[in-house]
Amino acid sequence: MSICDKRENVFPHDFAWGAATSAYQIEGGWNADDKGLSIWDTFSHGKGTVFEDQSGDVACNSYTLWEEDLRCIKQLGLTHYRMSLSWSRLLPDGTTRHVNQKGVNYYNKVINDLLAGNVTPVVTLYHFDLPQALQDRGGWTWAGVADAFEAYAVLCFRTFGDRVRLWLTLNEPYICAKLGHEDGLFAPGVRDPGVSAYRAGHNMLRAHARAWHAYDALFRPEQEGLVSLALNGDWAEPLDPRSPQDVAATERYMAFTLGWFASPVFMTGDYPATMRSQIEARNLAQGFPRDRLPVFVDTEPRVLGTADFFALNYYTSRRVRAVSSPPGTLSFKGDREAEDVLDPSWPVCGVPWLAVVPDGLRKLLKYIKDTCQEPAIYITENGFAQVGAVDLEDSQRGQFYQDTLLEVSKAVREDGVNVRGYFAWSLMDNFEWADGFSVRFGLFHVDFAHPQLTRTMYRSGRDYADIIKRNYSQSAMKK
Ligand code: GAL
């Protein structure tokens, strides 16, 4: 059965049908109109950090070509568009000492154009692009970053909050902490295994909580919006379901990924118990510093309950097996004592990490419902990559969206999960971080070799537009 054939309306009438992008990945204009440097400007300008030394200097040039993006959004029939603000475009040195009016004007135009086109903006404040000036003071490992983030968030709520009702503070703190501070594969490129990722993650949670409380106290009464943070999570299953070691390793894997951030915000106000016990045991046994996993203190704004909905970025599923950690070496993986592997029966699309497992999303949605007190959930990212020769007739990706949305509809209908919306990653091909432009996630192809950076709808864009249209007209009939 396909999601298009379905008579019964499974998605709520006000379901958000969206696509997502982020500032650094699409805007270009890296030094235009007084924008300050971000850590991705610095990182991508370094040698050997990004595929073929590419950068987001120009990317899709959405800073200039926004109206082209708007045309794409309308062609898809989106009801919602998820975008991010570039912190260093608005605040060149990361602080509110100087607000860059040209940056404010740009985002005002984007937001106003969306609303005029009946498209609801969903705005992320931080999608991996910390102002370099704040990195110079220690970035996410510096406790003062939470003050700077709160001030930035307040500025954004005050400036755009009369029109924006759905906010995300941070995108994927796990990726930022782990790839940016443990593995050094993403900006700021820090390799400090077993230490900095926990510290960065902690300051991100503090920063998020501060922004949520500021919104709650100062803006919510008038603006009546909702604030959350986007968490990425793989669905994980034991490699050998009969092995108690693999079962326990799978629990650890979930605790050290989604749980790392979901537990403090949605579950207990602290990191998962397994995460604490693993790290503390290793500290004790091996003489590692006692304070590697920071503690939440009462003198700071509470973190528990600082999300008005659950925002989930889901891409893939994993099989997990237990591994023992080599003594004497500090590392995140060593703490976790769990290793993820691909299941050979799952097809992989484009990039090696992306096993396509649509029903993993259904299972993860149910897991979130059961463990996070039945929150309203927005799937804020989900997508399918293309590499190599461009294939505009990408029926595989269209099928992927169809299969995935069928699983989402089952989660809604059969599992009673309160899913409020779905955002395809991405509106168009863009700068895919360390993979540069070699990996394409778009519903629109972007011709990066063409001076106009021409956007052309993939067949999967037509398929997604079709899914939206059918579900939308069904819900209109039902209303
Ligand atoms: C996410 C990220 C996006 C996008 C996507 C595809 O982790 O938030 O910016 O790059 O992955 O890899």
Side-chain angles (χ1 to χ4, degrees), residues 18-28 38-40 43-44 49-51 54-56 59-60 62 69 81-87 122-130 168-183 185-187 197 200-201 204 208 228-235 257-258 260-261 310-318 340 348-357 360-361 364 378-387 397 400-401 404 422-444 446 460:
T21 59
S22 87
Y24 185 75
Q25 292 177 280
I26 66 164
E27 283 180 6
S38 86
I39 54 174
W40 267 94
F43 186 72
S44 66
T49 53
V50 173
F51 175 79
Q54 294 168 344
S55 78
C60 310
S62 295
D69 301 355
Y81 176 58
R82 178 180 170 220
M83 54 185 267
S84 83
L85 307 178
S86 159
W87 186 344
V122 179
V123 175
T124 309
L125 296 176
Y126 179 75
H127 199 124
F128 301 167
D129 49 352
L130 193 75
L168 296 163
T169 55
L170 308 174
N171 182 68
E172 301 188 349
Y174 172 88
I175 295 291
C176 181
K178 168 87 168 32
L179 274 70
H181 299 80
E182 171 92 8
D183 309 328
L185 298 172
F186 274 22
M204 283 190 266
H208 158 78
S228 186
L229 76 175
L231 302 184
N232 61 297
D234 300 345
W235 176 244
T257 48
L258 189 68
W260 181 359
F261 298 93
F310 199 108
L312 172 70
N313 294 357
Y314 170 82
Y315 283 91
T316 190
S317 292
R318 285 288 179 266
D340 58 302
V348 169
C349 87
V351 269
W353 59 268
L354 221 177
V356 180
V357 195
L361 175 55
L364 189 58
Y378 285 84
I379 298 157
T380 39
E381 279 181 37
N382 174 246
F384 184 100
Q386 192 183 98
V387 293
R397 178 152 43 195
F400 161 82
Y401 280 119
T404 302
Y422 176 88
F423 293 75
W425 183 271
S426 173
L427 176 66
M428 58 193 162
D429 294 342
N430 57 48
F431 177 80
E432 178 51 25
W433 308 117
D435 288 326
F437 299 99
S438 67
V439 175
R440 298 182 299 273
F441 272 95
L443 293 163
F444 280 78
V446 177
S460 58

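Read the numbers this way: they start at 1 and go in the same order the structure lists the ligands and their atoms.
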Asks: Is it the case that the side chains of Y24 and S44 hold a donor-acceptor pair, with the cut-off being a distance below 3.5 Å and no angle test?
Replies: yes
Asks: Short list, please: which atoms of ligand 1 are under 4.0 Å from a heavy atom of F441?
Replies: 6 (C), 12 (O)
Asks: Do N232 and Y315 have side-chain N/O donor and acceptor atoms under 3.5 Å apart?
Replies: no
Asks: Kindly assign one of parallel, tilted or perpendicular to the pair W40 and F431, based on the angle between their ring planes and the thresholds 30° and 60°.
Replies: perpendicular
Asks: Starting from atom 5 (C) of ligand 1, which protein heavy atom do you reach first, and at what distance in Å?
Replies: Y315 OH, 3.2 Å
Asks: Can you tell me the protein heavy atom closest to atom 7 (O) of ligand 1 and the distance?
Replies: E172 OE1, 2.4 Å
Asks: I need the atoms of ligand 1 closer than 4.0 Å to a non-hydrogen atom of W433, numbered in the order shown.
Replies: 3 (C), 4 (C), 9 (O), 10 (O)
Asks: Please check if any side-chain donor atom of D69 sits under 3.5 Å from a side-chain acceptor atom of S62, or the reverse.
Replies: yes
Asks: How far is atom 12 (O) of ligand 1 from the closest protein heavy atom, and which atom is that?
Replies: E432 OE2, 2.5 Å
Asks: Suppose I only count heavy atoms of Q25 and a 4.0 Å limit; which atoms of ligand 1 are within that range?
Replies: 3 (C), 4 (C), 9 (O), 10 (O)
Asks: Any nitrogen or oxygen of W353, main chain or side chain, under 3.5 Å from a nitrogen or oxygen of ligand 1?
Replies: no
Asks: Identify the closest protein heavy atom to atom 3 (C) of ligand 1: which residue and atom is it, and at what distance?
Replies: E381 OE1, 3.4 Å
Asks: With heavy atoms of H127 as the reference, note each atom of ligand 1 found under 4.0 Å away.
Replies: 2 (C), 3 (C), 8 (O), 9 (O)
Asks: Do F400 and N382 have side-chain heavy atoms sitting under 4.5 Å apart?
Replies: yes
Asks: Look at the aromatic rings of F423 and Y378 and report parallel, tilted or perpendicular, splitting at 30° and 60°.
Replies: tilted
Asks: Does an N or O from N171, backbone or side chain, lie closer than 3.5 Å to an N or O of ligand 1?
Replies: yes
Asks: Would the distance check show the side chain of R397 and the main-chain N or O of F384 forming a donor-acceptor pair, the cut-off being under 3.5 Å?
Replies: yes
